[in-house]
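This report concerns only the one structure given below.
Everything numeric in this text was worked out from a predicted model, so none of it was measured. Residue numbering restarts at 1 for every chain, and letters A, B, ... go by the order of the sequence lines.
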Amino acid sequence: MAKVLVVDDAAFMRMMLKSILVKGGHEVVGEAENGAVAVDQYAALKPDLVTMDITMPVMEGIEAVKKIVSSDPAAKIIMCSAMGQQGMIVQAIQAGARDFIVKPFQEERVLESIQKLVG
Amino acid sequence: MNLSSENQALIDSLVASIRQVVPQTVTPGEAHPVEDAVALNDIGVMVGITGDFHGQVVLQGGDAAFGQLGASMFGMPLDGEMLHSFVGELGNMVAGNAATLVAGIGKRIDITPPAVMRGQLQLYGFEQGFRIPLTLDPGGELNLIVKINDQGVA
């Protein structure tokens with residue numbers, strides 16, 4: 001079971017991810033609606049894993065990944081974004097994300113990615 | 001309809017993206033030029049496009065059509081705030097997947113966070129844009145409205 005921080009500006013998508021994660025036996029320890037809140041939440045909650053959207057107001061997801069990874073190089077972050085073009089995936093992985101899931105996503109794909117990262 | 005091949009490719013990518021994102025059968029109608037303000041009656045989402053194309057994309061429809069989409073995609077009926085949030089996310093997914101598709105023809109676009117619009121309002125500035133009616137089966141009608149500015153103009 002992993003403690004997960006869910007980051008997405010859409011309340012609907014946070015709800016969907018929460019439902020998938022809880023069903024998969026994981027615990028959602030926090031939610032953030034933009035990258036800036038995510039950076040603060042990560043420091044405060046120290047989750048095992050983060051799901052991170054890219055296109056968000058205030059601070060977008062790749063910038064948030066860079067900030068989280070600079071403070072914790074072992075951070076496990078999965079990008080969950082509709083922007084699945086190769087350049088975006090490369091940018092996210094270079095920033096420190098461990099996996100990339102393109103929306104709309106399948107439940108199995110999300111749980112499989114978490115399983116790979118947290119065992 | 002008078003569109004450059006590049007602009008047509010963007011519109012084709014948006015329609016193809018909707019077909020990828022939405023589980024229903026989507027039949028696009030003929031594209032019509034927008035000659036006046038765009039009237040919005042129920043709910044819609046607008047996403048800005050920057051990069052090799054500049055413009056705005058609006059997906060507009062009734063509560064019932066969007067509600068049925070949400071139910072078919074995520075297995076639960078949606079209303080109120082969750083319906084608004086879903087509509088915003090749908091706009092994000094459609095524009096995001098279109099960005100992936102146009103990357104396949106060597107074009108790079110970025111998208112803005114979606115803005116959800118509710119109620120009766122009129123959108124100006126879409127003149128010289130195009131409206132493409134979309135029939136969803138099962139479901140209802142949505143409208144895809146695309147305004148592409150001259151390239152290089154934000």
Side-chain angles (χ1 to χ4, degrees), chain A residues 6-24 31-38 51-64 79-93 95 97 100-111, chain B residues 13-14 17-24 43 45 47-52 57 59 66-67 69-116:
Chain A
V6 174
V7 186
D8 200 302
D9 58 333
F12 169 77
M13 200 44 78
R14 297 198 302 273
M15 180 190 74
M16 285 309 304
L17 277 164
K18 259 168 69 177
S19 154
I20 290 172
L21 294 169
V22 169
K23 222 158 116 185
E31 295 180 39
E33 68 277 17
N34 65 57
V37 175
T51 67
M52 180 78 75
D53 187 17
I54 291 182
T55 308
M56 294 183 288
V58 185
M59 182 191 290
E60 50 90 19
I62 291 179
E63 185 62 29
M79 304 309 285
C80 288
S81 173
M83 299 283 285
Q85 63 268 48
Q86 199 184 356
M88 195 60 82
I89 296 172
V90 170
Q91 267 189 58
I93 300 298
F100 198 111
I101 298 173
V102 179
K103 294 174 186 171
F105 45 69
Q106 301 295 316
E107 181 177 321
E108 304 76 41
R109 173 74 180 89
V110 175
L111 295 176
Chain B
S13 296
L14 285 161
S17 171
I18 292 169
R19 284 178 150 153
Q20 279 182 5
V21 169
V22 166
Q24 283 98 325
I43 190 164
V45 54
V47 178
I49 290 176
T50 61
D52 289 338
V57 176
L59 202 53
F66 280 119
L69 258 181
S72 62
M73 288 175 77
F74 297 101
M76 65 181 82
L78 301 171
D79 55 19
E81 282 302 312
M82 275 303 157
L83 179 61
H84 296 170
S85 183
F86 165 71
V87 171
E89 192 54 38
L90 182 67
N92 183 45
M93 287 190 284
V94 166
N97 279 272
T100 305
L101 292 173
V102 296
I105 56 165
K107 296 287 178 189
R108 190 191 63 80
I109 61 171
D110 226 328
I111 61 172
T112 64
V116 176

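- At a 4.5 Å heavy-atom cutoff, B:Leu83 makes no contact with chain A through either its backbone or its side chain.
- Of the listed residues (A:Gly87, A:Ala82, A:Pro57), the one with the most heavy-atom contacts under 4.5 Å to chain B is A:Ala82.
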Could you please show the donor-acceptor pairs under 3.5 angstrom between chain A and chain B, with distances rounded to 0.1 Å?
| residue | atom | partner | partner atom | Å |
| --- | --- | --- | --- | --- |
| A:Ala11 | N | B:Ser85 | OG | 3.0 |
| A:Phe12 | N | B:Ser85 | OG | 2.7 |
| A:Ala82 | O | B:Asn97 | N | 3.4 |
| A:Gly84 | N | B:Thr100 | OG1 | 3.2 |
| A:Gln85 | N | B:Thr100 | OG1 | 3.2 |
| A:Lys103 | O | B:Asn97 | ND2 | 3.1 |
| A:Lys103 | NZ | B:Glu89 | OE2 | 2.8 |

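- Residue B:Ala99 touches chain A through both its backbone and its side chain, counting heavy-atom pairs closer than 4.5 Å.
- In this structure, chain B has a heavy atom under 4.5 Å from the backbone of A:Met56, while its side chain stays farther away.
- To the nearest 0.5 angstrom, A:Met83 atom CE is 14.0 Å from B:Met93 atom CE.
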